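Position 1 is the first residue of the sequence, and the numbers go up from there. Note that the structure is a prediction, hence the values are computed from the model and not measured.
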Amino acid sequence: MSEVTLGATREAVRRAKRVVVKIGSSSLTSVAGGLNRDHLRALTTALAQHRAAGHEVILVSSGAIAAGLEPAGLPKRPKDLATQQAAAGVGQGLLMAAYTTVLREHAVVPGQVLLTADDLIRRTQYRNAQRAIERLLALGVMPIVNENDAVATHEIRFGDNDRLAALVAHLTHADALVLLSDVDALYTAPPGDPDSRRVDFVPDQDALAAYGIGGTGAAGTGTGGMLTKVQAATMAADSGIPTVLTAADNVYRALAGEDIGTYFAVTHRRRQTRLLWLAHLAQTLGSIRIDDGAVRAISRRGTSLLAAGVSGVDGEFEAGDPVDVRDSEGRLVARGLVNFAAHELPDMFGLSTDELGRRFGDDYRKEIIHRNDLVLTDAVF
C-alpha cells in the first residue's frame, strides 16, 4: 500500500460516515460508586451530536461487571468466573437502563447487542450479528454492543472489549474506530517518566517496535491495559480501518480528527474475518516447520503450503485447527488452518500432492494449508 500520513489518517477519521466508538469500564464506573452518570452523559452527548451531524455511530461499551459490583454487594471486582458472571447479570440491565435514560435527552433510542468474540469468527453467527446491527442502524437506533459477560465460557477480561470493538468495526464495515479509555494516548514510556512523549502516529507495525508499551489500566475496575488497546488498533488498521486511541474526555476532538491521542494508519486492505481472526485472535494448537523453499513460496508467491515443503510438526491438533508455520530456525512465518491432524503429517513430509494421492488415497491429494486459510505474520501483532 502507498504511504499513509498522519494528516490523511486524521481526515479519514473526521470524515468517517460510520464510526465504532469503544468506551472502557474505568471511564464509566468505579468500584465505590458504580456507574458515573456524569461521564455517561458526557459520552452520550458527544455521540448524539455526531449522529446529528450525519454520522452513524456504534458504541461498544464495557462496564457491565463494574456496574453490578455495588448493587450485588461486592466490594471489589471478583476473580472467579461465576461471580464475574453474576455481577455482569446484575450490571448489564443497569448499564442499558442508564444509557436509555441519558440518550432519551437527545431523542436517541439505543439497541443492545450482546456478543462474544466467538460470535464474530463463526460464519453463521457473524452474519446474524451483521444483519442485526445493520437493521438497527437502518431504523435510526444506536447499537450498543457489549461482551456477553453473563454467559461467557472463558475467563472474562476487560481487554476483550477492545478486540471486540475492532471485530465489530470490521463486521459493520466501519470507516473509523475510536478507542476511549482513561489514558489520553500511547506514550514512549510510562506517562510519569520525564522522558516520556506522546506517540501521535503509528504508520505501521514496525514503528511499534521502537516504543515501550506498559499496562495502564485503572486499578480496581478494569483488568486490561494499553497493550490490549494497541492490539485492537493494530487489528483494525490491518483490516483497512483507521483508528484513534485517546481518553474519554477527548471524545469530541477524537471524532473530529483533531491533534490528540494516537492515530493508527491503515496497513492493509480489508481482510476476510477468518484471516483477521487467524492473525490476531486465534489460539494456535501446534506448529508446522517448513523448509526455505516453502517459506519463499508462501511469502513471495502467495501459494498454498504443500507437504513437499514440510519438515516437522509440534503439538497435538486436528484437521481444521489453527497452527503456527515456522521456518527451519523456528521463526514464525505464518498462521493457518491445517487440513490434516498432527499424527498424519510425519508420513507426508516431502511428498508431492500426486504422491500423497497415490500412497494414501484421493482424500490426501490436497494442500497442508490452503492459501485462503493462511495469513503471513507481517499481519500478526
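When atom types are taken as modelled, the side chain of Asn161 and the backbone of Leu164 share no donor-acceptor pair closer than 3.5 angstrom. Although no hydrogens or angles enter the test, the distance criterion places a donor-acceptor pair under 3.5 Å between the side chain of Lys17 and the main chain of Gly54. For the pair Asn250 (side chain) and Arg253 (backbone), a donor-acceptor distance under 3.5 Å is absent.
Contact check for Arg331 versus Arg326: no side-chain heavy atoms found under the 4.5 Å cut-off. Counting heavy atoms from C-beta outward, Pro110 and Ile144 have side chains that approach closer than 4.5 Å.
Ala166 approaches Leu177 most closely through the heavy-atom pair CA-CD2, 4.1 Å. Closest non-hydrogen pair, Ala254 versus Val178, comes out as CB-CG1, 3.9 Å.
Every side chain to side chain contact (heavy atoms under 4.5 Å, CB included) that Asp347 has, sequence neighbours left out, goes to Phe360. Take Tyr252 and apply the ring pair (Phe, Tyr, Trp, His ring centres under 6.0 Å) test, not counting sequence neighbours, and it matches no residue.
The neighbour count for Arg365 CZ, taken as heavy atoms of other residues, nucleotides or ligands under 6.0 Å away, is above 12.
Judged purely by distance below 3.5 Å, without hydrogens or angles, the side chains of Tyr263 and Thr243 never pair a donor atom with an acceptor atom. If you check the side chains of Asp204 and Thr267, you find no donor sitting under 3.5 Å from an acceptor. When only modelled atom types and interatomic distance are considered, Thr45 and His106 share a side-chain donor-acceptor pair under 3.5 Å. A donor atom on one side chain and an acceptor atom on the other are not found under 3.5 Å apart for Asn146 and Gln112. Side-chain contact annotation: Tyr364 with Glu344, donor-acceptor N/O pair under 3.5 Å present. No donor-acceptor contact under 3.5 angstrom links the side chains of Asp182 and Ser27, judged on distance only.
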**Request:** Verify side chain to side chain donor-acceptor pair (under 3.5 Å) between Asp291 and Ser311, making sure each step is shown before the conclusion.
**Result:** CA-CA 7 Å; Asp291 61 30; Ser311 59; over 6 Å; no
**Request:** Start with the C-alpha gap between Ser61 and Tyr99, add the side-chain angles, then the distance that decides, and say whether side chain to side chain donor-acceptor pair (under 3.5 Å) holds.
**Result:** CA-CA 10 Å; Ser61 177; Tyr99 274 124; 2.9 Å; yes
**Request:** Determine, step by step, whether Val244 and Phe264 satisfy the side chain to side chain contact (heavy atoms under 4.5 Å, CB included) criterion, reporting the C-alpha distance in whole Å, the side-chain angles of both residues, the deciding distance to 0.1 Å, and the verdict.
**Result:** CA-CA 6 Å; Val244 57; Phe264 290 75; over 6 Å; no
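Contacts classified as side-chain hydrogen bond (donor to acceptor under 3.5 Å, both in side chains) and involving residues 130-140 (residues at least two apart or in different chains) are given here: Arg18-Glu134, Arg127-Gln130, Asn128-Arg131. A salt bridge (charged side-chain N to carboxylate O under 4.0 Å, His left out) check over residues 296-313, counting only residues at least two apart or in different chains, returns nothing. Residue pairs that meet the salt bridge (charged side-chain N to carboxylate O under 4.0 Å, His left out) test with at least one member in residues 306-321, sequence neighbours left out, are Arg289-Asp314.
Tracing side-chain contacts under 4.5 Å through hydrophobic residues (I, L, V, M, F, W, Y), one reaches Val310 starting from Met348; they form part of the same cluster. Under a hydrophobic-cluster definition in which Ile, Leu, Val, Met, Phe, Trp and Tyr are linked whenever side-chain heavy atoms come within less than 4.5 Å, directly or via other members, Leu306 and Leu351 are assigned to different clusters.
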Which pairs would a plain distance check flag for residues 366-374, meaning a side-chain donor or acceptor within less than 3.5 Å of a matching protein atom at least two apart in sequence or in another chain?
unit_1	atom_1	unit_2	atom_2	d
His370	ND1	Asn372	N	2.9
Asp373	OD1	Arg274	NE	2.8
Asp373	OD1	Arg274	NH2	3.3

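Ion pairing between a basic and an acidic side chain is recognised when a charged N comes within 4.0 Å of a carboxylate O; Arg41 and Glu105 show such pairing. Looking at Asp200 and Arg198, no side-chain N of the basic residue comes within less than 4.0 Å of a carboxylate O on the acidic one, giving no salt bridge.
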